[in-house]
Protein chains: 2
Amino acid sequence: MTSEPTPHAPARKGDELDARKAAILEAIVTEYIGTAQPVGSSHVAAAQSVTVSPATIRSEMVALERDGYLVQPHTSAGRVPTDKGYRFFVDHLATPGQLGPQQREKVSNFFTGVQGGIEDVLERTSSLLSDLTSHAAVVVGPSHEQAPIRSVQVVGLSPTRALIVAVLSDGAVENRPLEFSTEMDDETLSNASAHLQRIFSGSTLAHVPDIPKSGNSDVDSICALAKTTLSAAAKPGDHEPVYVGGPSRLAGSFDAIETVRGVLTILEQQLVVVSLLRDVIERGLSVAIGSEHGYESLASCAVVVAPIEVDGQRAGAVGLLGPTRMDYPAAMAAADVVGRQLSERIEADRGAAERSASPGRDTRG
Amino acid sequence: MTSEPTPHAPARKGDELDARKAAILEAIVTEYIGTAQPVGSSHVAAAQSVTVSPATIRSEMVALERDGYLVQPHTSAGRVPTDKGYRFFVDHLATPGQLGPQQREKVSNFFTGVQGGIEDVLERTSSLLSDLTSHAAVVVGPSHEQAPIRSVQVVGLSPTRALIVAVLSDGAVENRPLEFSTEMDDETLSNASAHLQRIFSGSTLAHVPDIPKSGNSDVDSICALAKTTLSAAAKPGDHEPVYVGGPSRLAGSFDAIETVRGVLTILEQQLVVVSLLRDVIERGLSVAIGSEHGYESLASCAVVVAPIEVDGQRAGAVGLLGPTRMDYPAAMAAADVVGRQLSERIEADRGAAERSASPGRDTRG
DNA sequence: CTCAGCACTCCAGTCTAGTGAGTGCCAACA
DNA sequence: TGTTGGCACTCACTAGACTGGAGTGCTGAG
């Protein structure tokens, strides 16, 4: 965003830090992430990257505290990074993380071995990510709005009730109940099914086309109902494909039980989770720390996000939810790898679907 | 089970208690549930149902402790009920609970207002139950094994991949991906779809019939694959319909964070949840307290269960998971009412489906 | 600017004593 | 014989005093 920092310029309003301050901050963040204990000047002095004495470090720490990168829980305690401190660490200091060999293997085993519908894959991916990082994980799948409809069918359950089942080209299946005011026989349903199939095939849930009259008023009323029902299914927030993996890990991450409760409560609200991840990504971030995302009850949490991208389009996200003192490099690496692999997987599926659709064959026999 | 207790008979091996001991135990359980503090003899003496002096109560408490109904956290503390104590309370003492007026209203509003597919209804029911009781709730829906198949369709996604979608008469939709070793064109898929629809319609996932040869080897191989895939879908443990509501409530129920973690971990394992509830019901219980269910990490939990019954058949269960010191009458009442209403709802849906199926109409147009 | 030295702060742990809720036992009583 | 008041005792919990140690800020010398 801003111009490259001049190393020796005085810190411009907390924008940059000179090399020594940065090294000290890095040492503090690293140690605090490991020990969860406030870090004192002598510990910092022990770090490889810092060569000055504890006394000098102390005076630097005073400055870092004044600028908001550190806080002291109380006088005569060590320092603890603030959200701003973590932010600087993530933006300027953290060396890109790497997955360990066993982790790497877990991931590749997972993606070569996993099978099942897309919902299954997403669900299990959330477990994988949680497993890799020991944090709670979240996977938000591609919204179904944009996927072309592959098949629509109306299945009667009773004379006045039916199910409309739409299969999308990404392999997702949306189904909604339909309730009729008058009784419909199976032949009418079957005709409506065929009619809908002809009209809807290839369009998306976000833009279902209008339905031309068929000449049969019952069929037309079923179709009209089907159209509104399917359009509603695409509305965000109703049935977003959200999968949460390993929420129990949260209990290990925080010692205050009310914090755990607050975070769990957030995770129960799918809509909130979706918009949280979307907001973070839209702000161009991969990490949101503490107060950076607006949620009060996530104040002691950090969120690490990686996008799912299919054909260059954003198609969901994977995320990790942990304490602000989490291992950012490792978490970012894990999210990144998993996000990327998941993207590839979905892309491969979808690519195959499109290739087969392109010859313009009609699905109807 | 056993004959009516003779009030003055000596307690037969912890089987029964005389009236006074029972009253004392009841007072202790009731108070402990309310306060979570060990209950002393003077508190018991304050209860309406107990008219003797603290000294007498103390000697009775010694007996109750010897028989395993109570424990003392330490000398000179009050008494706390054991699992056995709670068990006696639940079996012999607890007056059947009643829902409060607002709760009653919540339930009826819910069941009149809820709409959507069965999955939605079950999911929201778990939230309702959690909301009513402030405990974590679990809903296990009817297994799909026994529901007649209403419709089967194979939808092509790519030349070698397709989705088989089965709609069951209870409104559930099962879908599985199919992977072909050779490319299939849409006409073949369509023929296979029609063939499967004819054969499978009306049978259950648990007993899918064999498929007669169609004369087309591609169609036959698709059908064979479809049969094995669908049969596998009915296998228990793979995709049991389990819904957990309000897991965050657990964080409020326990003060030891590891307990919360342990219980959350259990709840993440659908298969465990299903068998837990099934075991409890099969033993003819509606409550399992502490060590009564075999799970180590649920030792400080009680499970309250109510069956879902459709046409006299067990078709799942609703359950509550809370601390052993939970308000059993209230929890049992809530589970009972919700289970009953949910049963009615499902029964109504299914009844309608069967009525419409009985005329023997063929779904195929 | 750096840093060793030093006085100071304050948490965390340990010890002490005091308090109070609660017990078990016993002798007296109905 | 069962019930009860009285009494000595136990023991968690709390508050206060004390201490050790980690850590700070400041200062003066190099």
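- Straight-line distance from the CZ atom of Arg20(A) to the P atom of dT2(C): 4 Å, rounded to whole Å.
- Here dA22(D) presents its P atom at 13 Å from CD of Gln37(A), a figure rounded to the nearest Å.
- Ring planes of Tyr69(B) and Phe88(B): perpendicular class, angle over 60° (limits at 30 and 60°).
- To the nearest angstrom, P of dG24(C) lies 11 Å from CG of Leu70(B).
- Ranking dG5(D), dT23(C), dG23(D) by closeness to the His43(A) side chain, first place goes to dG23(D).
- Checked for salt-bridge contact, Arg249(A) and Asp131(A) meet the test: a charged N lies under 4.0 Å from a carboxylate O.
- Nucleic acid contact for Thr56(B): base, since at least one base atom lies under 4.0 Å from a heavy atom of the residue.
- Residue side chain Arg58(A) reaches the base of dG5(C) through a donor-acceptor N/O pair under 3.5 Å, judged by distance alone.
- Nucleotide dG21(D) holds its C1' atom 12 Å from the NE2 atom of His74(A), rounded to whole Å.
- Summarising the geometry, the separation between CD on Glu60(B) and P on dG24(C) is reported as 12 Å, rounded to the nearest angstrom.
- The side chain of Ser59(A) contributes no N or O atom lying less than 4.0 Å from OP1 or OP2 of dT2(C).
- At least one side-chain nitrogen or oxygen of Thr75(B) sits closer than 4.0 Å to the OP1 or OP2 atom of dC11(D).
- Two residues, Gly78(A) and Ser76(B), neighbour DNA chain D, and the one matched to the more 5' nucleotide by heavy-atom proximity is Ser76(B).
- Remark: P of dC10(C) and CD of Gln72(A) are 10 Å apart, rounded to the nearest angstrom.
- By the 4.0 Å N-to-carboxylate-O rule, Arg87(A) lies too far from Asp83(A) to be salt-bridged with it.
- Donor-acceptor pairing under 3.5 Å, judged by distance alone, is absent between the side chain of Arg79(A) and the base of dG25(D).
- Two residues are said to be in side-chain contact when any heavy atoms from C-beta on lie closer than 4.5 Å; Met326(A) and Val304(A) meet this criterion.
- Contacts of Ser42(B) with the nucleic acid, taken as non-hydrogen atoms under 4.0 Å apart, involve only primed sugar atoms and P, OP1 or OP2.
- Ala77(A) comes within 4.0 angstrom of the backbone, heavy atoms only, and of no base.
- Closest to the side chain of Ala55(B), out of dG24(C), dT4(D), dG22(C), is dT4(D).
- A 4.5 Å side-chain heavy-atom check between Met61(A) and Gln72(A) finds every atom pair outside the cut-off.
- Rounded to whole Å, atom P of dG2(D) lies 15 Å from atom CD1 of Ile24(B).
- Leu64(B) places its CG atom 15 Å from the C1' atom of dT23(C), with the value rounded to the nearest Å.
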